[in-house]
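By convention in this document, chain letters (A, B, ...) are assigned in the order of the sequence lines, proteins followed by strands, and residues within each chain are numbered from 1.
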There are 2 protein chains.
Amino acid sequence: MRARHITVVEVARHAGVSLATVSRVINGTAVVSPDKRQQVEQAMLALKFQPDPMAQGLRRGQTNAVALLVGDIAQRHFAQLTQHVQAALESQGNDLLLFNLGHQQKRLEDFLERALRMKLRAVVVATTDTLTRPVFEAARKLLSDGIKVISLGQDLTRQGIPSVVHEEHQATRGSVTHLVSLGHQSIAYVGRIRGSAIGSARFAGYRDAMRKANRFDPALVWDMSFRYAAGYESVAKALAEGREFSALQAGSDEIALGAIAALHDRGLAVPKDVAVVGFGDIDLAGFVRPALTTLSSSPLQAADHLAQLVRDDSPTLPEDPPCILLPRQLIVRASSGQ
Amino acid sequence: MRARHITVVEVARHAGVSLATVSRVINGTAVVSPDKRQQVEQAMLALKFQPDPMAQGLRRGQTNAVALLVGDIAQRHFAQLTQHVQAALESQGNDLLLFNLGHQQKRLEDFLERALRMKLRAVVVATTDTLTRPVFEAARKLLSDGIKVISLGQDLTRQGIPSVVHEEHQATRGSVTHLVSLGHQSIAYVGRIRGSAIGSARFAGYRDAMRKANRFDPALVWDMSFRYAAGYESVAKALAEGREFSALQAGSDEIALGAIAALHDRGLAVPKDVAVVGFGDIDLAGFVRPALTTLSSSPLQAADHLAQLVRDDSPTLPEDPPCILLPRQLIVRASSGQ
DNA sequence: CTGAAAGCGCTTACAG
DNA sequence: CTGAAAGCGCTTACAG
């Protein structure tokens with residue numbers, strides 16, 4: 001059933017040269033006389049030759065696959081990231097191996113162990129979760145084996161891992177300061193996600209801005225579980241408990257949307273009764289009503305920087321890995337009023 | 001830099017057996033005496049041996065990777081599908097190679113050509129787009145080369161491709177009939193996406209229901225480009241033109257959300273002035289206000305069926321490939337009234 | 001049940 | 001600039 005494919009042997013025969021010469025033409029790895037080169041190229045065309053990636057990989061000790069480990073592809077943010085990372089990698093000839101972590105640390109660890117044998121070109125870790133020791137150890141093993149590990153989303157340079165990150169702390173500090181300047185006194189924070197490094201950073205920005213305004217109140221900080229439902233439940237619970245607040249900073253757009261639903265169900269209007277600011281600017285943000293004020297992201301730029309790091313063949317294991325920082329901007333829409 | 005890995009040679013030496021025996025233990029492909037088996041297993045453990053997937057792949061002529069080609073990972077529906085497909089494949093030991101088509105036919109074609117050399121375990125095509133001849137030809141080449149091709153989303157069994165699909169036509173026919181029974185006379189359809197096989201089927205269901213009710217009016221059918229923005233623009237344009245309608249069936253939830261924003265911006269209330277029904281039941285559907293009435297999907301079941309087809313080693317190239325049909329249900333929420 | 005040997009399709013020293 | 005040969009790490013007839 002399985003057809004026999006054209007190999008370098010056939011090409012060499014057809015072109016009247018040796019295997020080595022064919023290989024040199026394929027890889028452009030050594031000088032080949034113009035006429036032989038042409039014969040080989042014609043033979044490849046005539047026979048519709050395509051090199052076998054497995055064989056190349058085995059021999060070179062390297063595939064052209066990059067693994068992307070995402071926190072949870074079901075989250076808008078990660079889906080967007082995946083989209084752009086795939087595009088950026090493809091444009092430089094790399095395939096994308098996708099691994100959905102579902103926020104499970106153990107899965108990350110297991111994959112990293114396995115990655116050691118896969119001869120990947122790079123492993124990209126895109127998770128917001130706080131990482132633990134075993135993960136770092138597995139990553140170090142990869143690194144010392146010459147396999148690139150890159151962090152997308154959180155700064156892991158202290159672990160020797162090049163990172164592409166967005167502003168987090170400054171972002172919420174800025175947006176909350178904006179809410180304060182609008183006259184809000186009681187501003188709640190919904191979504192200080194437990195176990196999330198990024199979530200903590202966003203929360204810290206909020207906290208610092210509130211402290212500066214002398215308005216920080218731990219009772220207005222709500223943890224929660226997961227996305228829409230979490231945003232909804234947190235706010236529903238707070239309202240049931242009689243908490244008072246005139247504004248709300250969410251840890252993500254999805255949480256913000258859930259929060260808005262909860263406010264709505266209690267008869268509270270956004271932004272009239274409660275102003276809401278999300279985080280991340282998912283594509284839907286501009287299409288809900290009221291449109292969602294939020295903090296921007298740059299998944300496209302992030303993916304481009306990442307691709308550059310993947311391509312970059314600078315000496316492995318630099319003591320001082322690069323950290324690329326992407327800014328965020330407050331995108332003011334109707335949900336925050338004024 | 002790159003460390004030398006443990007190979008079968010070391011394991012064989014350590015266990016005092018031949019390479020062949022080690023291989024047999026790894027693969028469980030032939031009977032090995034209990035004592036030798038144990039020695040090998042101990043050696044593998046002691047040396048922390050992990051087989052090299054590239055070498056195995058080259059020798060066997062088969063990887064354990066499955067390619068998933070999705071219409072557009074930025075769309076909720078595809079992101080969810082990807083999540084479940086990855087999980088299902090992983091549980092059977094397969095890696096996922098993700099390819100985002102961005103709805104570009106040419107990319108599908110190119111990838112299919114390339115897949116021929118990749119020795120993939122299967123290629124899963126998950127797109128709603130109407131496919132063209134060159135794509136089918138490339139698929140046939142894969143099929144005849146013994147590589148599984150599976151369609152996720154549209155019925156391609158006539159092309160010899162096993163398919164896992166959802167009801168489309170019946171779904172909109174049912175939901176529109178429901179709207180009719182609620183007393184609606186003018187029901188618009190937004191999102192008969194050009195070039196989308198699935199979009200056409202959904203539209204046909206609407207059309208048939210409207211015809212049956214003697215209410216079909218082509219002026220109430222609006223094509224559009226892309227997701228939220230499209231839903232918004234279509235409806236905004238229709239309203240500006242003075243079209244009258246009391247209900248609206250959308251081709252997707254995202255389109256429905258965009259449509260609702262447009263209605264809102266014209267001062268129309270949902271469902272009081274216009275009832276809205278979406279399609280797909282994305283996770284957000286229950287968390288917008290009013291909550292979105294929509295047609296359910298079963299990405300989890302779809303992924304499971306798919307995984308089964310991937311695993312299934314029945315004779316290649318059956319003349320009559322299976323078509324697995326998943327039902328949809330109308331999920332009634334606030335946006336459709338009553 | 002077991003081992004020696006060939007071979008999957010390439011690339012890369014090595015020698016010329 | 002070119003070719004013959006070795007070898008990447010496995011698996012699989014083949015012979016016993």
Next on the checklist: Expressed as a whole number of angstroms, how long is the span from Asn27(B):CG to dG9(D):C1'?
Outcome noted: 13 Å
Item to check | Side-chain N,O (Thr7(A)) to OP1/OP2 (dG9(C)) below 4.0 Å | outcome: no
Checklist entry - Is there a side-chain contact between Val149(A) and Leu156(A), using heavy atoms and a 4.5 Å cut-off? => result no
Next on the checklist: By nearest heavy atom, map Pro34(B) and Phe49(A) onto DNA chain C; which one lands nearer the 5' end?
Outcome noted: Pro34(B)
Checklist entry - Whom does dA13(C) pair with, Watson-Crick or G-U wobble, provided both distances fall under 3.5 Å? => result none
Next on the checklist: Strictly distance-based, threshold 3.5 Å: is any side-chain N or O of Lys148(B) a donor or acceptor partner for the main-chain N or O of Val310(B)?
Outcome noted: yes
Checklist entry - Would Glu90(A) and Gln86(A) count as having a side-chain donor-acceptor pair, cut-off 3.5 Å? => result yes
Item to check | Whole angstrom value for the distance that separates C1' of dG7(D) from CG of Asp52(B) | outcome: 13 Å
Checklist entry - Can you check the Leu58(A) CG to dA6(D) C1' distance for me, whole Å? => result 13 Å
Item to check | Aromatic ring pairing Phe99(B)/Phe111(B), orientation class (parallel under 30°, perpendicular over 60°, tilted between) | outcome: tilted
Item to check | Earlier contact from the 5' end, DNA chain C, for Ala55(B) and Thr21(B) | outcome: Thr21(B)
Item to check | Nucleotide of dA4(D), dC10(D), dT11(C) approaching Ser18(A) most closely (side-chain heavy atoms) | outcome: dA4(D)
Next on the checklist: Nearest to the side chain of Pro51(A), heavy atoms from C-beta on, is which of dT11(D), dC1(C), dC10(C)?
Outcome noted: dC10(C)
Next on the checklist: On the nucleotide dG9(C), are OP1 or OP2 found under 4.0 Å from the side-chain N or O atoms that Gln56(A) carries?
Outcome noted: no
Checklist entry - Whole-Å distance between dG9(D) C1' and Gln50(B) CD? => result 14 Å
Next on the checklist: Is it the case that dG3(D) (base atoms only) and Arg24(A) (side chain only) share a donor and an acceptor within less than 3.5 Å, ignoring hydrogens and angles?
Outcome noted: yes
Next on the checklist: When you measure from the side-chain N and O atoms of Arg117(B) to the phosphate of dC10(C), is any distance below 4.0 Å, counting only OP1 and OP2?
Outcome noted: yes
Checklist entry - Between His5(A) (NE2) and dG9(C) (P), how many Å, whole number? => result 9 Å
Checklist entry - Please give, in whole Å, the distance from dG9(C) P to Met54(B) CE? => result 14 Å
Next on the checklist: Classify Arg37(A) by what it touches in the nucleic acid, base, sugar-phosphate, or nothing, heavy-atom distance under 4.0 Å.
Outcome noted: nothing
Checklist entry - Donor-acceptor pair, Thr127(A) side chain versus Asp129(A) backbone, under 3.5 Å? => result yes
Checklist entry - Below 4.0 angstrom from OP1 or OP2 of dG3(C), is there any side-chain N or O of Lys36(B)? => result yes
Item to check | Asp35(B) CG to dT2(C) C1', straight-line distance once rounded to whole Å | outcome: 12 Å
Next on the checklist: If I take atom CD1 in residue Ile26(A) and atom C1' in nucleotide dT12(C), what distance separates them, rounded to the nearest angstrom?
Outcome noted: 13 Å
Next on the checklist: What contact category does Ser33(B) fall into here, base, sugar-phosphate, or nothing, at under 4.0 angstrom with non-hydrogen atoms?
Outcome noted: sugar-phosphate
